[in-house]
Trainee: 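After the structure tokens below, expect a handful of questions from me.
Everything quoted here is computed from the prediction, not taken from an experiment.
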There are 2 protein chains.
Amino acid sequence: MKWSELAGQPCPIARALSVFGDRWTLLVLRDCFLGVRRFDEFRERLGLPRAVLTERLRLLADEGVLDRVAYQQGPERHEYRLTAKGRDLYPVLLAIAGWSDRHMAGEAGPPLRHRHARCGQDFHAEMRCSECGEPLDPREVEVRPGAGFADPRARRQRPAGG
Amino acid sequence: MKWSELAGQPCPIARALSVFGDRWTLLVLRDCFLGVRRFDEFRERLGLPRAVLTERLRLLADEGVLDRVAYQQGPERHEYRLTAKGRDLYPVLLAIAGWSDRHMAGEAGPPLRHRHARCGQDFHAEMRCSECGEPLDPREVEVRPGAGFADPRARRQRPAGG
DNA sequence: CGAAGTAAGTTCAAAAAATGAACCGAGTCA
DNA sequence: TGACTCGGTTCATTTTTTGAACTTACTTCG
């Protein structure tokens, strides 16, 4: 399967990975949630090549995950801010962090603590069924084709090179 | 930053991405949750090169996400099954699917429906605070260094080429 | 004034990774 | 015997990533 075909697959995970399923994008988004907005700050924190960062930021902006907004004229410069669509990726990052804290931490425990300002506690994220509120077990989930399974409009392909 | 350094970063997301932060691994894991266990079935469903699949399955087994178990002697052949660690990745996939259904579906709606056998409803996954049960807003989360922040044992590097 | 610095890129050669096709090995099936 | 199966390996080609140098339009320092 070519990477450019991913976006057109009738699988939500494949579609999502066409946006952030590479080696850098989720780290870029992590930094977005930590307040990073500018090109060079991403670059310094992540240590990725400029050309790669340029391309990833462009893709995220094209996909509506980040907003590219000018913050000065003269030499026009832009910063990158999470859109609502981008902010909705927070559960993805929390789910990843939760798994990692549970399974990849060393002897001393997880490297970071997450504190929920609303309740004041250190927490981890819990995934629950939107309908009954119970935790979700993979063996209790059935997957079936939905309304958009064969939607030709969704089967668009990203322009070559994107 | 080199890819091999990711696993040693004091960030749970970076560590997790050292395991599945590439173009194929989450799709392999998706198929695992759909019951796929054998090399050729992964290969046919995903259409990825054999060498890449070989390497990814080996990494997932090395990391304890999949179990490589012989299912026949003669020519010894193995299948790959999710371990408990692997099953714990379900929230990650559900979070991704939930985001995608919300933001990447076409006019006709999401391509797949997820039904929770326990309650009988079509659902989406919800991420909540483990302590107070409220939905999590990124602006209400504070991140601070934790016990394992400087843990040298966790800062191991993956052997070169692995 | 000129020199150095800054931020956000672009360009380009070299290295690494992915791709796709062919091949392999131990056994089964007809 | 010859074709087929499954789970790989090998290898030449293509694509992607990397890292370093360069660019552009300013601003600040001396």
Side-chain angles (χ1 to χ4, degrees), chain A residues 1-6 14 17-28 31-32 36-62 66-81 157-162, chain B residues 1-6 14 17-28 31-32 36-62 66-81 157-162:
Chain A
M1 192 199 304
K2 280 169 218 136
W3 193 248
S4 57
E5 292 169 35
L6 260 194
L17 292 178
S18 75
V19 177
F20 56 76
D22 69 284
R23 281 172 143 66
W24 290 110
T25 303
L26 283 171
L27 292 174
V28 169
D31 278 2
C32 289
V36 176
R37 292 185 174 164
R38 297 196 180 170
F39 190 91
D40 269 22
E41 198 178 352
F42 287 112
R43 214 194 55 75
E44 276 156 32
R45 290 173 54 97
L46 298 174
L48 82 176
R50 288 163 175 282
V52 174
L53 180 56
T54 300
E55 203 232 306
R56 293 304 187 278
L57 291 172
R58 179 154 42 219
L59 174 60
L60 289 171
D62 286 352
L66 297 182
D67 224 3
R68 185 169 184 262
V69 301
Y71 68 89
Q72 78 170 31
Q73 297 303 319
E76 185 163 294
R77 293 201 181 132
H78 303 87
E79 59 183 22
Y80 298 86
R81 297 187 198 180
Q157 293 198 188
R158 196 183 309 298
Chain B
M1 192 199 302
K2 280 169 219 135
W3 192 249
S4 57
E5 293 169 34
L6 259 195
L17 293 178
S18 75
V19 177
F20 56 74
D22 70 283
R23 278 168 145 64
W24 289 111
T25 303
L26 282 171
L27 292 173
V28 169
D31 278 2
C32 289
V36 175
R37 293 187 173 160
R38 298 198 179 168
F39 190 91
D40 269 21
E41 197 178 353
F42 287 113
R43 216 192 55 74
E44 276 156 34
R45 291 174 53 97
L46 298 173
L48 82 177
R50 288 164 176 281
V52 173
L53 180 57
T54 300
E55 203 232 307
R56 293 303 186 278
L57 291 171
R58 178 153 44 217
L59 174 60
L60 289 172
D62 285 352
L66 297 181
D67 225 3
R68 185 169 184 264
V69 300
Y71 68 89
Q72 79 171 28
Q73 297 303 318
E76 185 163 294
R77 293 199 181 134
H78 302 86
E79 57 184 22
Y80 297 87
R81 297 187 199 180
Q157 293 199 188
R158 195 183 309 296

Trainee: Could you tell me which residues satisfy ring pair (Phe, Tyr, Trp, His ring centres under 6.0 Å) with B:F20, sequence neighbours excluded, listed by chain and number?
Mentor: A:W99
Trainee: Grab the CD-P distance between B:E79 and D:dG8 for me, whole Å please.
Mentor: 12 Å
Trainee: Give a yes/no on whether any side-chain N or O of A:W24 is located under 4.0 angstrom from OP1 or OP2 of D:dT18.
Mentor: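 True: A:W24 side-chain N/O within range (under 4.0 Å) of D:dT18 OP1/OP2.
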Trainee: If the sugar-phosphate is the primed atoms plus P, OP1 and OP2 and the base is the rest, what is the B/S/- string for nucleotides 9-15 of chain C, using protein heavy atoms under 4.0 Å?
Mentor: BBB----
Trainee: Between B:W3 (CH2) and D:dG19 (P), how many Å, whole number?
Mentor: 14 Å
Trainee: Regarding A:R43, tell me which of base, sugar-phosphate or nothing describes its non-hydrogen contacts under 4.0 Å with the strands shown.
Mentor: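 The residue A:R43 makes no contact with any strand.
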Trainee: Using atom CZ of B:R37 as one end and atom P of D:dG7 as the other, report the distance to the nearest whole Å.
Mentor: 13 Å
Trainee: Quick one: the dot-bracket string of DNA chain C, using Watson-Crick and G-U wobble pairs with both distances under 3.5 Å, [ ] for crossing pairs and | for bases paired to another strand.
Mentor: ||||||||||||||||||||||||||||||
Trainee: Could I get the full list of side-chain hydrogen bond (donor to acceptor under 3.5 Å, both in side chains) partners for A:R45, not counting sequence neighbours?
Mentor: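 Residues passing side-chain hydrogen bond (donor to acceptor under 3.5 Å, both in side chains) with A:R45: A:D31.
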Trainee: Residues two or more places apart in sequence or in another chain: which of them pass side-chain contact (heavy atoms from CB on, under 4.5 Å) with A:E44?
Mentor: A:D40
Trainee: Under the rule for side-chain hydrogen bond (donor to acceptor under 3.5 Å, both in side chains), what residues qualify as partners of A:R23, not counting sequence neighbours?
Mentor: none
Trainee: What's B:F42 touching, base or sugar-phosphate or nothing? Going by heavy atoms closer than 4.0 Å.
Mentor: nothing
Trainee: Would you call A:L6 and A:L17 a side-chain contact if the rule is heavy atoms closer than 4.5 Å?
Mentor: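 Contact flag for A:L6/A:L17 side chains = yes.
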Trainee: Hey, does A:W24 have a side-chain heavy atom less than 4.5 Å from the side chain of A:L53?
Mentor: no
Trainee: Who are the salt bridge (charged side-chain N to carboxylate O under 4.0 Å, His left out) partners of B:R38, not counting sequence neighbours?
Mentor: B:E79
Trainee: A:R37: which residues meet the side-chain hydrogen bond (donor to acceptor under 3.5 Å, both in side chains) condition with it, sequence neighbours left out?
Mentor: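 Checked A:R37 against side-chain hydrogen bond (donor to acceptor under 3.5 Å, both in side chains); zero matches.
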Trainee: Going by side-chain contact (heavy atoms from CB on, under 4.5 Å), name the residues that satisfy it together with B:P75, two or more places apart in sequence or in a different chain.
Mentor: B:Q72, B:R77
Trainee: Please report, rounded to the nearest Å, how far the C1' atom of D:dT5 is from the CD atom of B:E44.
Mentor: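 Going from CD in B:E44 over to C1' in D:dT5 covers 11 Å.
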Trainee: Scan nucleotides 24-28 of chain D against the protein and return all N/O pairs shorter than 3.5 Å with their distances rounded to 0.1 Å.
Mentor:
none

Trainee: Once side-chain hydrogen bond (donor to acceptor under 3.5 Å, both in side chains) is applied, do any residues pair with A:R68, and if so which ones, sequence neighbours excluded?
Mentor: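 Partners of A:R68 under the side-chain hydrogen bond (donor to acceptor under 3.5 Å, both in side chains) test: A:H78, A:Y80.
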Trainee: Grab the CG-P distance between A:L48 and C:dA8 for me, whole Å please.
Mentor: 14 Å
